[in-house]
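Given the structure is predicted, the values throughout are model-derived calculations rather than measurements. Values below: every heavy atom of this structure, side chains too, minus hydrogens, waters and symmetry copies.
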Amino acid sequence: MANPFDMVLFGGGGDLALRKLIPALYRAHLEGSLDEASRIFPVCRRQEDADSYLQTAQNALKTHLRDSEYSDEDWNVFKTRLSAVALDIAEADAQWDHLADLLGNDVERARIFYLAIPPAVFGSCCENLSLKGLIHEQSRVVVEKPLGYNASTSDEINSKIATYFPEKDIFRIDHYLGKETVQNLLALRFSNVLFEHLWDAQTIDHIQISISETVGLEGRAGFYNEAGALRDMVQNHLLQLLCLIAMESPNRMNAKNIRAEKIKVLEALRPLVGIEVDENIVRGQYVAGGIGQQLVPGYLEELDAPSSNTETFVAIRAHIDNWRWTGVPFYLRTGKRMQKRCAEIVIQYKKVSHNVYDSSAGEAVPNRLVIRLQPEESIKLVLMAKKMDSLEMELKPVELNLSLSDTYDSIRSDAYKRLMLDAADNNPALFIHRDEVAAAWAWVDPIIEHWRATADQPCLYRAGSWGPQASEDLLRLDGREWVNAK
């Protein structure tokens with residue numbers, strides 16, 4: 001259980017807070033992870049929104065929680081923690097004084113400021129926190145992506161925040177790092193000699209990291225058309241997952257050592273510049289198609305614009321130039337309006353060096369480790385075994401399947417819950433350091449500049465598919481193919 005804390009949710013009436021943050025805090029309350037004295041202060045733009053906030057939050061919980069999680073009895077206790085506040089983030093007026101009065105003067109109590117607001121107002125929000133004397137030694141700030149559109153704008157935002165908070169008190173959140181399966185990935189690697197000795201170029205043929213979404217713009221048209229899939233997903237989520245897969249074992253599982261190993265991976269990523277971008281990256285944009293039984297519009301129709309070269313899909317062939325991974329391609333893929341919502345990591349092992357069985361036994365399929373992060377969480381290992389219903393020696397691939405969703409059915413895995421409690425407990429191990437952000441942008445920026453300089457147009461793909469044909473060709477030319485989620 002975390003010590004008593006106060007959490008101020010700037011943007012408390014927004015989509016992220018109502019869809020993710022409030023439900024996550026409610027789950028923490030249900031499992032007894034919140035001290036009885038902990039308080040939550042959602043910040044709204046208007047007084048009428050603050051006045052009706054409890055009803056709004058209750059409706060959000062009923063919508064976004066499972067039926068078994070919500071009860072009026074638990075809600076009646078949880079709502080006593082909530083005190084909604086109305087204020088203009090950009091104006092240091094009397095409304096801020098009201099927030100200061102609610103927080104009080106206890107300088108020993110942890111105080112977490114969660115900025116679920118546009119990055120453009122991060123600076124003014126932190127400035128007003130400072131002007132009103134709300135920042136003390138136990139204060140921390142949690143910031144959501146996107147942190148800029150390139151290295152320079154990211155550095156500008158980080159510098160503004162750093163004016164008021166030291167780096168140790170800045171928690172940059174990537175909710176994928178809070179997923180329990182991601183933590184199991186580290187446990188799998190570093191706590192099992194079986195895998196640690198089979199985790200390099202000697203045994204692994206290639207690695208795939210895919211995050212596919214079935215949704216389109218979801219009300220984010222303005223932001224998304226400026227950002228695109230590379231900035232929105234690759235620069236943070238996919239590169240963070242790549243770091244955790246590829247990094248060396250840290251001396252200790254603490255923030256300092258984990259961060260050092262992740263930065264080494266980012267610095268070892270082979271730069272893609274000029275024509276190398278065209279040779280190793282496919283960008284796509286969806287057109288109208290079908291998801292399940294539903295017809296959905298294309299990107300331009302959703303955007304309500306005649307043209308746009310913003311990518312809604314990107315596939316990348318990347319290499320890490322160090323002793324462990326030389327020669328092993330990492331294929332990264334993400335896209336909107338794809339056939340299935342899923343996040344998976346596929347570790348594809350090499351073929352056995354010598355097949356002792358003749359052709360009548362069937363093909364020896366290489367081993368494969370599949371780590372699924374969403375929607376359900378599981379770890380599967382594909383092995384070769386004899387068919388049990390045949391007297392002849394016939395081989396077939398079989399799955400060793402650890403379904404974490406089934407095994408821990410009574411526990412609701414919630415990345416935001418984990419990360420908010422870690423911030424309250426001053427544990428930065430699963431958060432992103434400023435140096436990591438800078439290293440990621442240093443790799444991504446030349447790709448964006450090449451697209452801009454060449455006026456590169458994305459390939460079209462039909463909504464409900466697995467992306468453009470060029471993405472399939474990217475692997476096929478290497479004699480490989482994507483492992484699509486089932």
Side-chain angles (χ1 to χ4, degrees), residues 14-16 118-120 144-154 156-157 210-239 272-292 294-317 332-341 343 440-441 443-474 482:
D15 178 69
L16 175 64
E144 280 278 350
K145 74 175 184 72
L147 286 176
Y149 287 90
N150 52 33
S152 61
T153 55
S154 174
E156 181 181 356
I157 292 170
S210 297
I211 302 177
S212 58
E213 302 176 281
T214 55
V215 297
L217 294 181
E218 286 192 305
R220 302 169 71 220
F223 158 74
Y224 196 88
N225 198 51
E226 290 292 323
L230 187 68
R231 291 185 179 100
D232 187 43
M233 297 295 291
V234 176
Q235 188 273 336
N236 39 78
H237 300 324
L238 285 167
L239 288 186
L272 296 177
V273 295
I275 194 172
E276 294 169 335
V277 174
D278 301 326
E279 293 172 345
N280 292 280
I281 300 181
V282 173
R283 62 199 304 245
Q285 185 183 100
Y286 64 85
V287 296
I291 306 253
Q294 180 181 3
L295 294 176
V296 296
Y299 178 75
L300 295 181
E301 287 83 4
E302 283 193 72
L303 189 64
D304 193 21
S307 64
S308 171
N309 67 348
T310 297
E311 77 283 357
T312 63
F313 172 97
V314 63
I316 302 173
R317 176 174 51 213
L332 314 179
R333 174 178 63 165
T334 185
K336 288 188 174 296
R337 290 296 191 203
M338 296 181 72
Q339 188 175 121
K340 183 180 178 67
R341 173 179 175 263
W441 277 121
W443 190 75
V444 166
D445 272 354
I447 299 170
I448 297 172
E449 286 302 316
H450 177 75
W451 287 343
R452 182 181 295 115
T454 58
D456 179 76
Q457 295 294 314
C459 305
L460 301 181
Y461 66 98
R462 192 161 297 282
S465 70
W466 284 107
Q469 181 60 42
S471 170
E472 305 296 328
D473 296 340
L474 182 69
W482 288 110

Between [X] and [Y], is any pair of side-chain heavy atoms under 4.5 Å apart?
X	Y	result
H450	V273	no
Y299	Y224	yes
P458	N309	yes
E144	L16	yes
Y286	E302	yes

Discussion item. As a test of understanding, state which of T334, L238, V444 forms a side-chain contact (heavy atoms from CB on, under 4.5 Å) with L230.
Written reply: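 Among T334, L238, V444, the one that satisfies the side-chain contact (heavy atoms from CB on, under 4.5 Å) with L230 is V444.
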Practice prompt. Return yes if some donor-acceptor pair links the side-chain N/O of R462 with the main-chain N/O of G289 below 3.5 Å, else return no.
Written response: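 Not confirmed, R462 side chain does not pair with G289 backbone.
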Discussion item. Please check: side-chain N/O of T310 versus main-chain N/O of G228, any donor-acceptor pairing under 3.5 Å?
Written reply: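 Pair absent, no side-chain N/O of T310 close to backbone of G228.
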Applying side-chain contact (heavy atoms from CB on, under 4.5 Å), can you list everything that pairs with [X], at least two apart in sequence or on another chain?
X	result
S212	M338, C342, W466
A440	Q235, L239
E213	V215, K336

Can you name the nearest heavy-atom pair linking [X] to [Y], along with the distance?
X	Y	value
I447	V277	CG2-CG1, 4.0 Å
I316	V314	CG1-CG2, 3.9 Å
S308	L303	CB-CD2, 3.9 Å
L474	R317	O-NH1, 3.3 Å
L272	P446	O-CB, 3.9 Å
D445	A151	OD2-N, 2.9 Å

Worksheet item: Say you draw a straight line from CD1 of I448 to CH2 of W441; how long is it, rounded to the nearest 0.5 Å?
Response: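 It comes to 5.0 Å.
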Worksheet item: Going by distance alone, is a donor N or O of one side chain under 3.5 Å from an acceptor N or O of the other, for N150 and S152?
Response: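 S152 and N150 do have a side-chain donor-acceptor pair below 3.5 Å.
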Worksheet item: Do we see a donor-acceptor contact under 3.5 Å between the side chains of W482 and S471?
Response: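 Short answer, yes.
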